[in-house]
Amino acid sequence: MQEIEPYDFIEYFKRNTALMVSMDKNGKLNVMALDWKTIEDFDNQPVIRAQVAYSRYTYQLLKEGVNEFTVNIPPENNHNAIDIAGSYSGRNTDKFKLAELKAIPGKRTKVPILKDCILCYECQIIHESKSNMSSHHYFYGKILTAYASNEIMK
Ligand SMILES: Cc1cc2nc3c(=O)[nH]c(=O)nc-3n(C[C@H](O)[C@H](O)[C@H](O)COP(=O)(O)O)c2cc1C
């Protein structure tokens with residue numbers, strides 16, 4: 001993985017479902033499939049705005065756990081991880097184990113990034129707001145650093 005600027009390779013970010021990793025205060029990890037995401041400037045700094053439903057365990061972790069998340073774009077052929085992360089809840093399933101996902105320590109966040117992803121972003125939550133869908137909430141994560149795999153850097 002090599003460090004990149006937040007807006008580099010944005011076409012891959014936009015067209016692929018992401019795996020969003022969150023963590024509780026004891027270090028327990030969770031991962032969720034995330035389609036509703038943008039990279040945009042907020043207060044003149046690049047953020048990932050993630051739209052997360054109130055019903056998700058991820059929502060609870062983002063509110064009550066570590067004030068950070070990572071967003072990871074898996075290779076286009078890894079449907080298994082997306083299916084598992086997007087259909088089970090971390091409340092009662094260890095999705096890391098089930099999907100055989102490997103965590104790698106983040107450089108700037110306590111929350112890890114995911115091995116074998118083509119893009120990874122380490123984010124610190126700096127703002128939240130109600131989404132225009134009443135069932136969802138926006139989290140704005142300042143991008144502290146971002147990486148791309150050698151595969152897409154070619
Ligand atoms: C392809 C795909 C994309 C998804 N995108 C989102 C999303 O953007 N926001 C959201 O709240 N849920 C989204 N979901 C649903 C959650 O990933 C799903 O409800 C998951 O089981 C929540 O896990 P959790 O309870 O461990 O947080 C998506 C599911 C799939 C399959």
Side-chain angles (χ1 to χ4, degrees), residues 6-42 46-106 109-144 146-149 151-152:
Y7 286 99
D8 290 349
F9 302 106
I10 192 158
E11 64 282 8
Y12 288 87
F13 174 88
K14 282 185 176 165
R15 80 165 173 249
N16 291 294
T17 303
L19 295 168
M20 181 186 212
V21 180
S22 52
M23 188 191 245
D24 78 5
K25 289 230 161 92
N26 299 318
K28 182 188 165 202
L29 297 176
N30 188 38
V31 57
M32 155 186 133
L34 176 81
D35 256 342
W36 288 340
K37 56 185 173 16
T38 58
I39 296 187
E40 59 192 51
D41 274 13
F42 178 83
V47 298
I48 290 184
R49 189 188 68 182
Q51 192 168 202
V52 179
Y54 294 104
S55 57
R56 315 287 184 238
Y57 182 50
T58 297
Y59 172 80
Q60 192 182 324
L61 294 180
L62 294 172
K63 289 295 275 189
E64 298 168 9
V66 172
N67 193 38
E68 299 168 345
F69 58 82
T70 67
V71 168
N72 305 270
I73 307 289
E76 282 172 16
N77 56 7
N78 195 349
H79 302 299
N80 186 44
I82 298 287
D83 288 349
I84 291 172
S87 54
Y88 291 85
S89 177
R91 283 193 187 91
N92 44 34
T93 306
D94 181 347
K95 292 188 258 184
F96 273 77
K97 208 167 171 187
L98 199 58
E100 298 180 348
L101 292 168
K102 302 260 177 315
I104 310 177
T109 53
K110 287 192 202 121
V111 179
I113 56 171
L114 296 178
K115 189 167 180 273
D116 299 329
C117 283
I118 57 172
L119 289 170
C120 302
Y121 303 84
E122 297 180 16
C123 300
Q124 178 187 31
I125 299 169
I126 54 165
H127 184 69
E128 293 174 35
S129 68
K130 284 189 178 158
S131 131
N132 35 20
M133 283 175 68
S134 61
S135 53
H136 285 65
H137 193 77
Y138 288 133
F139 290 92
Y140 296 72
K142 177 180 171 180
I143 301 174
L144 302 178
Y147 314 86
S149 68
E151 184 190 331
I152 65 165

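Counting starts at 1 for both ligands and their atoms, in listed order.
- The NZ atom of Lys115 sits 11.5 Å away from atom CD1 of Ile113, with the distance rounded to the nearest 0.5 Å.
- Distances below 4.0 Å separate heavy atoms of Trp36 from the following atoms of ligand 1: 8 (O).
- Put simply, the side chain of Lys142 never gets that close to the backbone of Gln124: no donor and acceptor are under 3.5 Å apart.
- Every atom of ligand 1 with a heavy atom of Gln51 under 4.0 Å away is listed here by number and element: 7 (C), 8 (O), 9 (N), 10 (C), 11 (O).
- No side-chain donor-acceptor contact under 3.5 Å links Tyr147 and Asn72.
- When each atom of ligand 1 is checked for a heavy atom of Asn30 under 4.0 Å away, the hits are 24 (P), 26 (O), 27 (O).
- For a threshold of 3.5 Å applied to N or O pairs, the pair formed by Gly90 and ligand 1 contains at least one separation below that value.
- When only non-hydrogen protein atoms are considered, atom 25 (O) of ligand 1 lies nearest to Ser89 OG, 2.7 Å.
- Numbered from 1 in the order shown, with element, the atoms of ligand 1 that lie under 4.0 Å from a heavy atom of Ala33 read 2 (C), 4 (C), 5 (N), 6 (C), 13 (C), 14 (N), 16 (C), 17 (O), 28 (C), 29 (C), 30 (C).
- For atom 27 (O) of ligand 1, the nearest protein heavy atom (residue, atom name, distance) is Thr58 OG1, 2.6 Å.
- Close contacts between ligand 1 and Ala85 involve ligand atoms 17 (O), 20 (C), 21 (O) [criterion: under 4.0 Å to a heavy atom].
- Between the OG1 atom in Thr93 and the CG atom in Leu98 there is a gap of 7.0 Å [rounded to 0.5 Å].
- For the atom pair CG (Leu62) and CE (Met20), the distance works out to 4.5 Å, reported to the nearest 0.5 Å.
- Close approach to Ala53 involves these atoms of ligand 1, each under 4.0 Å from a residue heavy atom: 11 (O).
- Atom numbering of ligand 1 starts at 1 in the shown order; those under 4.0 Å from a heavy atom of Val52 are 11 (O).
- Remark: minimum distance from atom 21 (O) of ligand 1 to any protein heavy atom is reached at Tyr88 O, 2.7 Å.
- How far CD1 of Ile73 is from SG of Cys117: 8.0 Å, rounded to the nearest 0.5 Å.
- Thr70 places a side-chain N or O within donor-acceptor distance of the main-chain N or O of Pro112, the cut-off being under 3.5 Å.
- Two residues are said to be in side-chain contact when any heavy atoms from C-beta on lie closer than 4.5 Å; Asn30 and Phe69 fail this criterion.
- By heavy-atom distance, the residue among His136, Lys95, Arg91, His79 lying nearest atom 24 (P) of ligand 1 is Lys95.
- The salt bridge (Lys or Arg N to Asp or Glu O under 4.0 Å) search around Lys110 returns none, not counting sequence neighbours.
- If you look at Tyr59 next to ligand 1, there are no close heavy atoms at all, none under 4.0 Å.
- Residue Ser87 touches ligand 1 through its backbone alone, judged by heavy-atom distances below 4.0 Å.
- With sequence neighbours left out, Tyr54 forms a side-chain contact (heavy atoms from CB on, under 4.5 Å) with Tyr59, Lys130, His137.
- At the top of the distance list for atom 5 (N) of ligand 1, counting protein heavy atoms only, stands Asp35 N, 3.0 Å.
- Residue contact check: Tyr57 has heavy atoms under 4.0 Å from atoms 24 (P), 25 (O), 26 (O), 27 (O) of ligand 1.
- Taking atom 18 (C) of ligand 1 as the reference point, the nearest protein heavy-atom neighbour is Gly86 O, 3.3 Å.
- Note: Phe13 and Tyr121 have perpendicular aromatic rings, judged against thresholds of 30 and 60 degrees for the angle between ring planes.
- Counting protein heavy atoms only, atom 16 (C) of ligand 1 is closest to Arg56 NE, 3.7 Å.
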